[in-house]
Amino acid sequence: MVTLKPGWLFDYATGTLAVDPSKRSAFAAATVRGGVVNAPARDILPRFGIPILPTYAASIPLHENHDMMQGTTSVDCIHYCAPGMGGANMRITVQPRLQVESWSLYWKESMDTKTQVLDPLTDLELPAGATAADLARAAAERLGWRPAGKLLRLEGFSGPWDRCLLNGRLLGEGEALEEAGVKEGDAVTYVRVELMAEGWK
C-alpha cells in the first residue's frame, strides 16, 4: 500500500484506491468511485451494456504525468485526460544540420559536401510513440523547411533527405524514439540534405 498526498492510499497489487479514514469525507468517497463525472457513469452505463475499464484508480499515482506538469510539484486536477497514463508528450532538443551537396548533373554524384551547423531547437514537443520520421517532420516544420516529400530528387541521388542521430547512432525512420533510447531532454541531431545542381547534363 502506497500513501499518496493528501492521504490517498493506493495498492499497486490490487489496483485499489482508498482514502485515509482520518481524511474521509463524502467528496473523498465520491472521488474513490471515480469523481463527480465517473461515479454516476459507473451507475448508469452498465445498464445499457456499456463496459467500463477500471483505469481510474491506476491513474491516481500518475497525476504529474502530463507534459505541462513535468519538472514541477503542482498537482494536475484533470489528470484523467490525455495525455496521461504514460501518454505524456516528450520534449527534446534538436541539433539541426544542413548538409549541402554540390550535385553534378553529368557525373550524377556529389562533388562537394558542406555542412552548416544551425542553432538548436529547444523543447521540441513530440507525442508519446513518436518515431524518428515524426521528429524530422516536426523539426523541418519548425525550421520552415519544405517537407521531404516535396523536394526535387536529382538523377543519381538515392539517399534519404532526412536523418536523425542519437550520440552518433542513426535512428530508423519508423523506430519509436523511446525504444531507440531517446529520453526526455536528450539532444538529437537532425540532418537535412540539400542538393545544389552543378554543371551540365
Subject >> Criterion side-chain hydrogen bond (donor to acceptor under 3.5 Å, both in side chains) on S104 and E109, from CA distance to verdict >> reply: CA-CA 6 Å; S104 171; E109 63 182 27; over 6 Å; no
Subject >> Full working for side-chain contact (heavy atoms from CB on, under 4.5 Å) between V182 and M90 >> reply: CA-CA 9 Å; V182 180; M90 174 189 290; 4.1 Å; yes
**OP:** With side-chain contact (heavy atoms from CB on, under 4.5 Å) as the test, would you mind laying out the steps for E155 and W103 before giving the verdict?
**Re:** CA-CA 9 Å; E155 187 177 359; W103 198 262; 5.8 Å; no
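Taking the side chain as every heavy atom from C-beta outward, L121 and Y190 never approach each other to under 4.5 Å.
Rounded to the nearest 0.5 angstrom, M196 CE and K114 NZ are separated by 9.5 Å. Rounding to the nearest 0.5 Å gives a distance of 11.5 Å between CD of E198 and CD of E101. Between the OG1 atom in T189 and the CD atom in Q95 there is a gap of 4.0 Å [rounded to 0.5 Å]. We find the CG-CG distance between L177 and L171 to be 7.0 Å, quoted to the nearest 0.5 Å. Of the inter-residue distances, the one linking E184 atom CD with L126 atom CG reads 10.0 Å to the nearest 0.5 angstrom. Between the CZ atom of R169 and the SG atom of C164 there is a distance of 11.5 Å, given to the nearest 0.5 Å.
When the shell of 6.0 Å around CD of E175 is examined, it contains more than 12 heavy atoms from other residues, nucleotides or ligands. The 12-atom threshold is not exceeded at CD of E141, counting heavy atoms of other residues, nucleotides or ligands nearer than 6.0 Å.
A pairwise comparison of heavy atoms in A132 and G172 identifies CB-O, 3.3 Å as the closest pair. Residue G174 comes nearest to T131 through the heavy atom pair O-CG2, 3.6 Å, listed as atom of the first residue, atom of the second, then distance. Contact detail for G168 and L165: the closest heavy-atom pair is O-CD2, 3.8 Å. For the pair V193 and L195, the tightest heavy-atom approach, listed with the atom from each and the gap, is CG1-CD2, 4.0 Å. Across every non-hydrogen atom of A130 and E178, the tightest pair is O-OE1, 4.2 Å. Considering every non-hydrogen atom in both T122 and T93, the closest pair reads CA-OG1, 4.3 Å.
Just one of R137, R192, R97, R146 meets the salt bridge (Lys or Arg N to Asp or Glu O under 4.0 Å) condition when paired with D162; it is R192.
Under the 4.5 Å side-chain heavy-atom criterion for ILVMFWY residues, no single connected hydrophobic cluster contains both L135 and L170. Under a hydrophobic clustering in which Ile, Leu, Val, Met, Phe, Trp and Tyr are joined whenever their side-chain heavy atoms come within less than 4.5 Å, directly or via other members, I92 and V191 fall into different clusters.
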